[in-house]
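Below is one structure, written out as structure tokens, with a few remarks after it.
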Amino acid sequence: MYQTWMRFFSPGPAHHRLGLVCLGVGLQHGTLPTVGPRTLDHHVAVVVGAGGGWYQGADGRRTTVTAPALLWLTPGVPHHYGPDPDTGWDEGFVDFAGPATATYTELGYIEPERPVVPLSDATGPRAVVARIARAARRGNPLLEVETGAAVHELLVALRRARADLAPDGDQVLQALTRDACRPMSVADHAARHGMTPAELRHAVRRAAGCSPKDYLLGIRLGRAKELLAATELPVAAVARRVGYDDPAYFSRLFSRRVGLAPVRFRAQQGRSVPGGWSDRIPDPDDPPTIGD
């Protein structure tokens with residue numbers, strides 16, 4: 001026996017221009033029927049929260065699926081899958097499409113080459129699927145935008161839940177974040193971890209979807225923006241604070257990535273902070289208020 005609930009949507013052209021659209025959502029459990037063989041023209045994320053089964057791709061080989069796990073069904077790829085007929089499984093699925101899928105694939109959030117991905121915990125992804133299901137109620141005037149936004153959240157939740165990533169984030173990324181503003185090259189960072197530059201590149205791309213250079217640059221420029229907006233430090237001093245001895249080189253990097261020169265950014269965003277700039281992230285459940 002099995003139980004199934006699903007809804008399907010047809011977003012318009014304007015919604016597709018948002019980057020991602022949700023095409024459908026479903027919640028199922030039990031000894032569900034086998035799916036396929038079939039080939040789709042869009043993406044589907046199938047989150048298996050309990051039970052187990054199998055997946056078969058174009059090569060004809062079967063892969064065992066053990067919950068918690070994710071099945072990536074990608075456009076143009078033949079697939080065939082189903083739960084174990086004795087135990088069944090519990091799944092939530094989300095169909096989606098849009099031009100942003102190419103970028104999410106490039107960043108490693110969608111992995112066509114890994115159709116079966118073990119998860120450390122399906123709680124986060126399942127909560128997003130449940131929100132999409134609630135938004136799918138009949139007559140919701142915000143349906144397309146609300147569910148499309150939730151697909152972005154789902155991709156982040158699935159990335160965070162991957163079993164090959166440490167629960168609190170990759171240690172290499174934590175160390176890079178800590179040392180990002182020190183005047184160190186990528187080779188220096190690699191040596192600090194006992195890795196070759198190639199090994200560091202692989203680790204960072206796997207964990208963050210970008211190169212070590214881009215990862216460090218993002219952190220450095222974020223800190224530079226904070227200093228430009230909240231202090232009166234000269235641009236040269238800001239450059240040194242974030243790891244660049246050459247202020248002209250820093251200004252070129254900043255302008256290329258941000259689209260504004262540092263002095264222009266300060267003119268737009270600068271504000272006096274008499275109490276000093278805080279690095280402490282406010283508690284979202286107890287944010288600062290006027291009376292504090």
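For the numbers below, each heavy atom of this structure counts, side chains included, while hydrogens, waters and symmetry mates do not.
Two residues are said to be in side-chain contact when any heavy atoms from C-beta on lie closer than 4.5 Å; Val156 and Arg160 meet this criterion. Using a 4.5 Å cut-off on side-chain heavy atoms (C-beta onward), Val21 and Phe9 make no contact. In this structure, the side chains of Thr74 and His42 stay at 4.5 Å or more apart for every pair of heavy atoms. Between Val77 and Thr39, the closest side-chain pair of non-hydrogen atoms is not below 4.5 Å. Side-chain contact between Val47 and Glu91 is absent, with no heavy-atom pair separated by less than 4.5 Å. Between Leu20 and Leu155, some side-chain heavy-atom pair lies under the 4.5 Å cut-off. Looking at heavy atoms from C-beta onward, Asp95 lies out of side-chain contact with His43 at the 4.5 angstrom threshold. Counting heavy atoms from C-beta on, the side chains of Pro75 and Leu40 never come closer than 4.5 Å.
Note that the CZ atom of Arg240 and the CG atom of Leu227 stand 12.0 Å from one another [nearest 0.5 Å]. Interatomic distance, Leu228 CG to Arg264 CZ, rounded to the nearest 0.5 Å: 13.5 Å. Remark: Cys181 SG to Leu221 CG distance equals 9.5 Å, nearest 0.5 Å. A distance of 5.0 Å separates CG of Asn140 from CG of Leu142, quoted to the nearest 0.5 Å. Going from atom CG of Leu158 over to atom CZ of Arg126 covers 12.0 Å, rounded to the nearest 0.5 Å. To the nearest 0.5 Å, atoms NE2 (His189) and CG (Leu176) are separated by 6.0 Å.
Between Trp89 and Tyr81, the angle of the ring planes stays under 30°, which puts this pair in the parallel group of the 30/60° scheme. Between Trp54 and His80, the angle of the ring planes goes over 60°, which puts this pair in the perpendicular group of the 30/60° scheme. Tyr104 and His152 have tilted rings, their planes meeting at an angle from 30° to 60° on a 0 to 90° scale.
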Problem set entry | side chain to side chain contact (heavy atoms under 4.5 Å, CB included) assessment of Arg220 paired with Lys225 | CA-CA 9 Å; Arg220 287 180 169 189; Lys225 285 181 173 181; over 6 Å; no
Problem set entry | Audit row: Leu253, Tyr244, side chain to side chain contact (heavy atoms under 4.5 Å, CB included) steps and yes/no | CA-CA 10 Å; Leu253 279 177; Tyr244 297 104; 3.6 Å; yes
Problem set entry | Verdict with reasoning, Leu23 to Phe8, per side chain to side chain contact (heavy atoms under 4.5 Å, CB included) | CA-CA 6 Å; Leu23 302 176; Phe8 294 98; 5.9 Å; no
For this session: May I have the step-by-step check of side chain to side chain contact (heavy atoms under 4.5 Å, CB included) for Thr101 and Glu106, ending in yes or no?
Result: CA-CA 9 Å; Thr101 57; Glu106 179 184 350; over 6 Å; no
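When the side chains of ILVMFWY residues are joined at heavy-atom separations under 4.5 Å, either directly or via intervening members, Met6 and Phe96 end up in two distinct hydrophobic clusters. Linking ILVMFWY side-chain heavy atoms closer than 4.5 Å, directly or via other members, places Val129 and Phe93 in two distinct hydrophobic clusters. Linking Ile, Leu, Val, Met, Phe, Trp and Tyr residues whenever their side-chain heavy atoms come within less than 4.5 Å places Leu216 and Val204 in a single cluster. Placement of Trp5 and Val44 in two distinct hydrophobic clusters is found when ILVMFWY residues are connected by side-chain heavy-atom separations under 4.5 Å, directly or transitively. With hydrophobic clusters built from ILVMFWY side chains whose heavy atoms lie under 4.5 angstrom apart, Leu73 does not share a cluster with Leu27.
Pairing each heavy atom of Cys22 with each of Val94, the nearest pair is SG-CG1, 3.9 Å. Among all heavy-atom pairs drawn from Asp246 and Ala248, the shortest one is OD1-N, 3.0 Å. Looking at every heavy atom in both residues, Val186 comes nearest to Leu200 through O-CD2, 3.7 Å. Summarising the geometry of Thr147 relative to Ala135, their closest heavy-atom pair is CG2-CB, 3.9 Å, with the distance given to 0.1 Å. Residues Ala45 and Leu70 share a closest heavy-atom pair of CB-CD1, 4.0 Å. In this structure, Ser255 and Pro262 approach most closely via the heavy-atom pair OG-CD, 4.0 Å.
Contact check on Arg131 versus Glu146 returns no salt bridge, with no Lys/Arg side-chain nitrogen under 4.0 Å from an Asp/Glu carboxylate oxygen. With respect to Asp188 and Arg182, no salt bridge is recorded, no charged nitrogen being found less than 4.0 Å from a carboxylate O. Of the charged side-chain nitrogens involved, at least one lies within less than 4.0 Å of a carboxylate oxygen, so that Arg192 and Asp179 count as a salt-bridged pair.
In this structure, the side chain of Gln269 does not engage the main chain of Arg266 through any donor-acceptor pair within 3.5 Å. Under a 3.5 Å cut-off, the side chain of Ser120 and the backbone N or O of Ala161 do form a donor-acceptor pair.
In the displayed structure, His193 atom NE2 is contacted under 6.0 Å by more than 12 heavy atoms of other residues, nucleotides or ligands. Enclosure of atom CD in Glu232 is not indicated, since only 12 or fewer non-hydrogen atoms of other residues, nucleotides or ligands lie within 6.0 angstrom. Heavy atoms from other residues, nucleotides or ligands lying under 6.0 Å from CZ of Arg257 number more than 12. Heavy atoms from other residues, nucleotides or ligands lying under 6.0 Å from CZ of Arg38 number more than 12.
Inspection of the Tyr55 and Thr64 side chains reveals no N or O donor paired with an N or O acceptor under 3.5 Å.
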